[in-house]
Every structure is written in structure tokens, then in C-alpha cells.
Amino acid sequence: MSFPLLTATAALPAIGAVATAAVPAARRNAAKSLALLFSLATLALAIVVLVRFDPGGDRYQLTESHSWIADFGVRYELGVDGIAVALIALTALLIPFIILAGWHDADPLETGSRRWRPTQGFFALILAVEAMVILSFEATDVFLFYIFFEAMLIPMYFLIGGFGDRAHEHGEETASTQRSYAAVKFLLYNLVGGLIMLAAVIGLYVVAGNFSLTEIAEARANGSLEMATNTERWLFLGFFFAFAVKAPLWPLHTWLPNAMGEATAPVAVLITAVVDKVGTFAMLRFCLQLFPEASKWATPAILVLAVISIIYGALLAVGQRDIKRLVAYASISHFGFIILGIFAMTSQGQSGATLYMVNHGISTAALMLVAGFLISRRGSRLIADYGGVQKVAPVLAGTFLIGGLATLSLPGLAPFVSEFLVLVGTFARYPAIGVIATFGIVLAALYTLVLYQRTMTGPVKPEVSTMPDLRVRELVVVTPLIVLLIFLGVYPKPVTDIIDPAVKQTLSDVQKKDPQPEVEAAK
């Protein structure tokens with residue numbers, strides 16, 4: 001039997017979570033180091049998966065299949081295509097930086113505090129989320145995917161509600177109440193979506209007789225499994241609703257600003273750069289592959305919702321007073337671009353959407369983590385409490401600027417390529433939608449540059465006059481992310497070579513071809 005590489009990649013952070021939680025309460029630094037070690041080991045395994053994956057080979061590779069609940073046709077089936085490999089690599093890459101950035105976020109509030117293992121629990125929960133996200137990317141059994149799609153909500157709930165941001169303008173008691181509200185809202189929204197999806201999963205089993213993604217898709221392709229039109233549409237809506245909540249797509253997005261605003265900066269990155277990608281990934285893997293006709297039927301409505309997300313998120317980002325909520329609304333706008341690319345049903349659009357998932361993860365991590373370092377120094381999330389930071393902390397201001405420029409998709413930085421591909425792919429089939437979506441770029445420039453101007457330029461406020469610049473640990477977190485933003489902005493080919501074959505297969509599932517350009521005959 002070959003080595004179960006995919007199982008090992010997901011099991012390693014799960015083992016790390018248990019080991020970290022078991023460290024004695026008095027040895028907080030040992031728990032942090034152990035969590036970091038397991039995250040780096042997981043990254044090493046993810047690199048092995050990346051190296052062993054052959055973009056020109058079978059659609060699903062490194063497959064594993066074992067009977068699990070035989071009476072209900074549930075199997076432990078894993079496999080990765082190019083899209084999943086790219087997102088597993090992104091997840092494994094970001095977790096060590098998240099751990100390093102949050103090195104002191106779970107330290108006791110009072111000297112000598114003996115609260116139950118707060119530090120160990122914080123880092124154990126991060127590793128638990130990583131394990132569940134990776135398994136979600138790997139699962140090719142629909143029921144297995146559903147289990148981990150829902151299970152990741154529990155550690156995220158405790159990370160938001162139990163280890164929230166300490167920088168709050170209204171004091172600790174109010175902050176605790178708002179953290180609890182944000183955590184409950186996150187959980188309820190996603191649980192409702194998950195329950196609707198569960199009904200659709202059961203319906204799919206009734207129709208297909210099993211939960212295997214590959215078997216169902218193959219049966220649909222060769223005509224041995226036919227779904228009534230209304231049945232397929234209802235099942236599609238059940239799956240899509242859950243994924244749209246996770247994504248988050250307007251109007252199901254309202255949990256995200258609360259969750260990101262009240263969480264620590266590293267946990268905010270975990271939410272939007274890692275966990276939320278499961279939603280957009282699942283649209284590609286499950287919605288389009290299992291329900292091709294329903295996907296085409298729903299496309300006009302989804303494109304409208306995506307454009308609303310782009311413009312709405314950007315407009316609300318412009319008016320924000322809170323740094324973290326601004327980044328949250330910017331992410332809603334960016335997820336609108338990703339969903340727009342997926343349902344444009346063109347190779348450029350879907351390649352751009354998949355690349356955007358990777359690039360958005362890196363750019364949001366860079367911006368939010370630097371914002372977290374800034375907030376921890378001043379003790380405030382309000383934009384008005386800053387000014388002149390670039391004069392006292394130039395490296396911090398410089399990295400903040402690069403993260404912001406990546407967020408507005410400046411040419412030469414990674415998100416530009418993906419956003420450009422999404423818009424090209426959308427223009428090719430839906431030019432009016434593409435024109436409206438382009439206004440999101442203008443608004444992104446507005447909220448990003450205004451944020452930088454108000455926090456980093458102008459007279460130095462007395463409260464920031466003694467602010468220290470980035471420390472060594474913080475530079476270790478930020479520098480690789482900045483390097484990746486520049487490298488993938490100049491040379492995205494290593495990622496596109498991996499994802500393009502999977503995108504072509506997804507377009508084949510929905511029987512769509514790229515529209516041919518209209519060229520006037522020369523007179």
C-alpha cells in the first residue's frame with residue numbers, strides 16, 4: 001500500500017492540535033513552539049503533494065479510498081486536482097505566519113493568571129482548523145466533505161469568541177460582549193447554511209445512491225444517472241446557499257465584518273484567507289460538477305449578486321472608521337470578483353478566480369497582519385487615532401503600503417493578474433456585467449489610498465510618536481508574503497500551470513466553451 005500522503009497532510013496538524021493542547025499550562029512558550037513546528041511540518045508535506053502532483057495527469061491524483069459507513073454508501077475518499085493542490089499549499093503556507101503573528105495574542109491578561117491553558121488552546125484551535133480545511137479540499141466523498149465543512153465552525157467559534165481582539169474603544173466588558181455576539185452570529189449563519197446543505201446532501205444520495213463525487217459525476221456525464229430539472233435545481237440551491245454563506249456573498253455576508261472586527265488579526269486572516277476559500281472552492285468542485293445544468297440556469301442571478309458584492313463591499317469599505325472592518329468589507333468585494341470569475345463560465349474567468357483565491361489569501365494576510373501589528377502598538381482600531389506613522393515606523397508603513405497596493409490590484413503585484421483574468425473572462429461573455437464590476441477597481445483605489453493617507457501620512461500624532469518599527473519576528477512574518485506578492489505579480493505561471501487543466505475540466509463538466517471573439521472582416 002502506497003503512503004497515504006493526503007491523509008498525512010491533514011492528520012499532522014490534527015495531531016499537532018492535540019499535542020499542543022496537552023502541554024502543561026505553565027509552559028506556554030513550549031506550546032507555541034510545538035504548534036509552529038507542526039505547522040512547518042505540514043507545510044513540508046504540502047510541498048511534497050505539490051511536487052508529486054502532475055498537472056497533465058489524471059483529474060484526481062494521490063487518491064485514497066476506504067469503506068467507512070458501508071450501509072449508507074459513505075466512503076473515506078480523498079483526491080486532489082490542481083485547484084485543490086493550490087489551495088492546500090496556500091493554507092499550509094499561511095498557518096506558520098498566522099501562528100508567528102499571533103505569538104502573544106493569547107498570553108494571559110494579568111501577570112500570573114492561571115486561566116485554563118489559554119495559550120495552548122489558541123494555537124491548538126488554529127491547527128485544528130488547518131486540519132479540517134485541508135480535509136475539505138481533499139475530500140471527494142460529498143458526505144465526508146460535509147462533515148469537515150461543518151466541523152471547522154466549532155474551533156473558529158472559540159477563536160473568535162474566546163480569543164478576540166483586545167484593542168477596543170469601549171473597554172473590556174463591552175469588547176467581550178461584542179466578541180460573543182460576533183462568534184454566535186458567525187456560527188448561526190454558517191450552521192443555517194450547513195443544515196440546508198445537509199438536506200441537499202441527503203437528497204443527492206436519494207437520487208444517486210452514493211456520495212462519491214467521481215462516481216456521480218461520471219454517471220451524469222455518460223447518461224446513466226439523470227436528474228429531473230427541478231430536482232437538480234433544488235439540490236444545487238441547497239449546496240450553493242451553504243457555500244455562498246461561507247464565501248461570503250451578498251446578502252449572506254453580514255457575519256464577516258463582525259467576525260473579522262472582533263477577532264485578533266491572525267484569526268481574521270484565518271477566516272478570510274483560509275476558511276472562506278472553502279466556500280468558493282466548493283462552488284467549483286461540487287456545484288458545477290454535480291449540477292451542470294442548474295449551474296447554468298442560476299448563472300444570471302449569481303452574476304448579479306457577485307456584482308452587488310463587488311460594489312457594495314467596496315462602497316462600505318470607503319466609509320469605514322475601523323481598520324479591520326475596512327479590510328473585511330474589501331474582502332467581500334474581492335470574493336465578489338472570485339464568484340464572478342467562477343460563473344462567467346470561461347477559462348480565463350475561472351483561472352482568474354482560482355488564482356484570485358491564492359493571491360487574495362496572500363495579499364489579505366500581508367495587509368491584515370501588518371494592520372494587527374499597528375493596532376497592537378497603539379491599542380486602537382480606529383483610523384482617526386493614527387497619523388504620521390511613516391515618519392516614526394517607516395518599515396511598518398512601507399509594508400502596509402505594499403499590502404494595500406496589492407489589495408487594490410496594482411499592476412506588478414499578484415492580485416492584478418487574477419483580477420485582470422476575471423474581468424477578461426467576464427467581458428467575453430457578459431460585457432455589461434464586466435463594465436459594472438470594473439468600478440470596483442476604482443473604489444478599491446479610493447479606500448486603500450485614503451486608509452494609507454489617514455494613518456501613515458500627515459503630522460505625527462502624540463500617541464504614535466514613540467511607536468516602534470517592525471521587530472524581527474514581525475519581519476519574518478511579513479517579508480515572505482511581500483516577496484510572494486511581487487513574484488506572483490511578475491511571474492504567475494507556476495500557479496496557472498497547475499490550475500489551468502482543472503479549470504478546463506470544470507468547463508467541460510458544464511459543457512461550456514470560451515466564446516469566439518468577433519472580428520470584423522477587413523474591407
Side-chain angles (χ1 to χ4, degrees), residues 182 185-186 189-190 193 240 243-263 265 268-269 271-280 283 301-344 349 352-353 356-357 359-368 371 381 383 403-410 415-416 418-420 422-423 426 433-452:
K185 189 174 184 179
F186 161 82
Y189 267 66
N190 285 274
F240 181 80
F243 303 152
V245 172
K246 185 87 78 178
L249 178 67
W250 184 92
L252 306 172
H253 67 284
T254 59
W255 62 268
L256 183 66
N258 294 100
M260 287 185 65
E262 299 305 323
V269 172
I271 295 169
T272 190
V274 177
V275 171
D276 287 354
K277 298 300 188 300
V278 178
T280 47
M283 291 178 189
I302 294 172
L303 291 178
V304 170
L305 294 178
V307 169
I308 292 174
S309 285
I310 291 169
I311 304 301
Y312 172 87
L315 283 173
L316 264 67
V318 171
Q320 287 304 304
R321 299 184 304 118
D322 183 310
I323 297 173
K324 292 167 69 177
R325 289 179 69 90
L326 185 151
V327 178
Y329 280 109
S331 289
I332 291 169
S333 181
H334 297 149
F335 274 102
F337 275 108
I338 294 171
I339 296 170
L340 183 69
I342 292 172
F343 285 90
Y356 212 147
M357 292 185 219
N359 292 338
H360 172 264
I362 299 170
S363 63
T364 298
L367 180 61
M368 180 60 88
R381 297 169 0 207
I383 296 172
L405 293 176
T407 298
L408 65 82
S409 298
L410 184 77
F416 168 76
S418 43
E419 197 165 282
F420 177 78
V422 166
L423 289 173
T426 304
I433 294 288
V435 169
I436 298 171
T438 304
F439 284 100
I441 301 175
V442 179
L443 293 171
L446 179 60
Y447 64 68
T448 300
L449 296 178
V450 168
L451 172 65
Y452 184 84

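Everything quoted here is computed from the prediction, not taken from an experiment. We count residues from 1, following the sequence as given.
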Show which side-chain atoms of residues 435-444 pair as donor or acceptor with protein atoms under 3.5 Å away, not counting sequence neighbours.
from: Thr438; atom 1: OG1; to: Gly434; atom 2: O; distance (Å): 2.7

Query raised in the report: What is the minimum heavy-atom distance between Arg325 and Pro257, and which atoms define it?
Result: NH1-O, 3.6 Å

Query raised in the report: What is the minimum heavy-atom distance between Ala317 and Ala330, and which atoms define it?
Result: CB-N, 4.1 Å

Requested in this report: Show your reasoning for whether side-chain hydrogen bond (donor to acceptor under 3.5 Å, both in side chains) applies to Thr272 and Thr364.
Outcome: CA-CA 8 Å; Thr272 190; Thr364 298; 5.3 Å; no

Query raised in the report: Can you list the residues that meet the ring pair (Phe, Tyr, Trp, His ring centres under 6.0 Å) rule with Tyr447, with sequence neighbours excluded?
Result: none

Report summary line: For Phe335, the ring pair (Phe, Tyr, Trp, His ring centres under 6.0 Å) test, sequence neighbours excluded, returns His360

Requested in this report: Kindly check if the number of other-residue, nucleotide or ligand heavy atoms within 6.0 Å of CZ (Phe420) is above 12?
Outcome: no

Value rounded to 0.5 Å, distance of [atom1] in [X] from [atom2] in [Y]:
| X | Y | atom1 | atom2 | result |
| --- | --- | --- | --- | --- |
| Phe416 | Tyr356 | CZ | OH | 11.5 Å |
| Met260 | Trp255 | CE | CH2 | 9.0 Å |
| Ser418 | Ile338 | OG | CD1 | 8.0 Å |
| Arg321 | Ile383 | CZ | CD1 | 9.0 Å |
| Ile332 | His253 | CD1 | NE2 | 4.5 Å |
| Ile339 | Leu249 | CD1 | CG | 4.5 Å |

Which residues satisfy the side chain to side chain donor-acceptor pair (under 3.5 Å) test with [X], sequence neighbours excluded?
| X | result |
| --- | --- |
| Thr448 | none |
| Asn190 | none |
| Thr426 | none |
| Tyr329 | none |

Query raised in the report: Is it true that a side-chain atom of Arg381 and a backbone atom of Gly261 form a donor plus acceptor pair closer than 3.5 Å?
Result: yes

Query raised in the report: Quick one: does Thr280's side chain have a donor or acceptor within less than 3.5 Å of a partner on Lys277's backbone?
Result: yes

**Report entry** Set of side-chain contact (heavy atoms from CB on, under 4.5 Å) partners for Leu405, sequence neighbours left out
**Finding:** Leu401, Leu408, Leu410, Leu413, Leu449

Query raised in the report: So, Ser363 and Thr407: side-chain donor and acceptor under 3.5 Å apart, yes or no?
Result: no

Report task. Could you verify whether a donor N or O on one side chain and an acceptor N or O on the other, from Ser333 and Tyr312, lie under 3.5 Å apart? Result -> no

Side-chain donor-acceptor pairs under 3.5 Å in residues 302-310, sequence neighbours left out?
from: Ser309; atom 1: OG; to: Trp250; atom 2: N; distance (Å): 2.8
from: Ser309; atom 1: OG; to: Leu305; atom 2: O; distance (Å): 3.2

